[in-house]
Amino acid sequence: MTKKTKQTELTAKLLIWYDENKRMLPWRINPTPYAVWVSEIMLQQTRIEAVITYYERFIKELKTLADLAQCDDDRLMKLWEGLGYYHRARNMKRCAIECMEKYGGTLPADFTALRSLPGIGEYTAGAIASIAYDLPECAIDGNVLRVFSRVLCSDADISLTATKKQFRSIISEYLPKRSGAFNQALMELGERICIPNGMPHCEKCPIQAECLAYENGCQLMLPVNQKKKSRSLEEHTVLILIHDQKVHLTKRPASGLLANLYQFDFLDGCCDEAAIGKYIESYGTLQSLIPLKDAHHIFTHKEWHMHGWLAVLETRQDDGLWADREALVHTYAIASAFIKYKEICISFLTGGYDNESTAL
Ligand code: SF4
C-alpha cells in the first residue's frame with residue numbers, strides 16, 4: 001500500500017467514525033464562525049461538560065460580534081464568571097471590536113488574518129478556518145498531537161515548536177475537503193478513544209489498522225512530552241469481589257501498563273455505593289459491601305489514587321476467573337499496585353479479616 005493510499009484510508013475511516021459517533025454539541029448545530037470561535041475560546045483549558053451551559057448563555061445574550069463588541073465589561077465578566085482564565089473574555093471583546101472595524105463585523109475567512117486577531121492562536125485560527133469556512137487548515141491541539149504521535153509511532157518531543165511544525169506539515173497531507181470534520185474527528189478521537197491517561201481504547205479505534213504504536217504495543221510511551229514534569233493523577237475504584245471463599249480476578253491487557261498481570265475489579269473514577277451496586281448486578285446478588293482504606297501507587301508518569309471496597313456476594317452468576325486463597329497467593333500474579341488490597345483479600349479468605357484496621 002502506498003503512503004498516499006494509507007493516508008486516504010485513515011482519513012476516510014476517521015470521517016465515517018466521526019459521522020456516526022460525534023457528540024451533538026450546541027456549537028455544532030449551526031457552526032457559524034462566531035459560534036465556532038466562542039466555543040473554541042471557551043474550551044481552552046476547560047472541559048466540554050463545563051462549557052456547554054456557559055456557551056448557551058453567552059450566545060443567547062451576545063448573539064453577534066457586534067453585541068460582544070458593545071458589551072459592557074462587567075456584564076461580560078459576569079457571563080464568564082466561574083469559567084476562569086478571564087483574559088480570554090477580554091481578548092474576545094478586543095477581537096470583536098477589531099472585526100467590526102476591519103472586517104465588516106465578521107471573522108475573516110483567512111488563516112493569517114484570523115491568527116493576527118487578539119486571543120487567536122494557531123490552533124484557534126485553524127479551527128475557525130476549517131470548521132466554519134471549510135478552508136484546508138489543520139487545527140492541532142494536544143489531542144491531535146497525541147493521536148498522530150501514536151499513529152506514526154513518533155518519539156519527537158511534542159512540547160517543541162519544531163515538532164508541532166513538522167506535525168502540521170504531515171497532518172496537512174491527510175486533510176480532506178471536509179477539513180473541519182477531519183479536525184474535529186481527530187480531536188474527538190483523542191478525547192474519547194486515544195486518551196491521554198491510561199491505556200487508549202484501541203479496540204474501539206477506527207484507525208487501529210493504520211496505527212504504528214498499536215502495531216508495536218508502545219501506545220503508553222507516546223507521546224513524548226519533555227515539558228510535562230508533573231505526574232498525572234488518576235482516581236480508581238478497586239473492588240474485591242468475593243463469593244464462596246473465592247475472589248474475582250481479571251487479567252490486564254497484553255500491552256501497556258502492568259500488562260498481563262492480574263487485578264481485582266478495577267473501575268475508573270471514584271465510584272459511590274450506588275455505582276458499585278449497579279456494577280455488581282451482573283455478577284450476582286450482594287450480601288455485604290464494606291468500604292476500605294484508600295491506597296496510592298506511583299508510576300513514573302502517573303499516580304493512582306485508589307478507593308477500595310470489599311463486596312461479598314450471596315449468589316453468583318458469573319463464570320469468569322474466581323480464585324481461592326491458595327491460587328491468589330501462589331498462582332496469579334497480582335500487580336504490586338494492589339498489594340494492600342491483596343493483603344486484605346488474603347486475610348478475608350483466611351478468616352482473619354480485621355474490620356477495624358482495614359475498613360474505613
Ligand atoms: S489504535 Fe490505539 S493508540 Fe492507535 S490511534 Fe487508535 S486508540 Fe490511539
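Everything numeric here is computed off the predicted structure, so don't read it as measured data. Atoms within a ligand are numbered from 1 in the order they appear, just like the ligands themselves. Positions are given from 1 along the sequence. Only this structure's heavy atoms are used, side chains among them; waters, hydrogens and symmetry mates stay out.
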Margin query: I'd like to know if E191 pairs up with K22 as an ion pair, taking the criterion as any Lys NZ or Arg NE/NH1/NH2 lying under 4.0 Å from an Asp or Glu carboxylate oxygen.
Written below: no
Margin query: With a 6.0 Å cut-off (strictly less than), is the heavy-atom count around OH of Y214, excluding the residue itself, greater than 12?
Written below: no
Note to self: Looking only at protein heavy atoms, which one is nearest to atom 8 (Fe) of ligand 1, and what is the separation?
What the structure shows: C194 SG, 2.4 Å
Note to self: Under a 3.5 Å threshold, yes or no: a donor from one side chain and an acceptor from the other, between S130 and N183?
What the structure shows: yes
Check: Which ligand 1 atoms does Y214 reach within 4.0 Å, using its non-hydrogen atoms?
Finding: 1 (S)
Margin query: When you compare the side chains of S116 and E98, does any donor N or O come within less than 3.5 Å of an acceptor on the partner?
Written below: no
Checklist line | Closest protein heavy atom to atom 6 (Fe) of ligand 1, given as residue, atom name and distance to 0.1 Å | finding: C205 SG, 2.3 Å
Notebook entry, point to check: Near Q208, which atoms of ligand 1 are under 4.0 Å from a heavy atom of that residue?
Noted result: 1 (S)
Item checked: Protein residue, atom and distance nearest to atom 3 (S) of ligand 1, heavy-atom basis -> Q219 CG, 3.5 Å
Next item on the list: Quick one: look at C202 and ligand 1, take heavy-atom pairs under 4.0 Å, and tell me if it's side chain, backbone, both or neither.
Entry: both
Item checked: Short N-O contact, K278 and E281, less than 4.0 angstrom -> yes
Checklist line | Shortest protein heavy-atom distance from atom 4 (Fe) of ligand 1, along with the residue and atom involved | finding: C211 SG, 2.3 Å
Note to self: Under a 4.0 Å threshold between the charged nitrogen and the carboxylate oxygen, would R178 count as salt-bridged to D19?
What the structure shows: yes
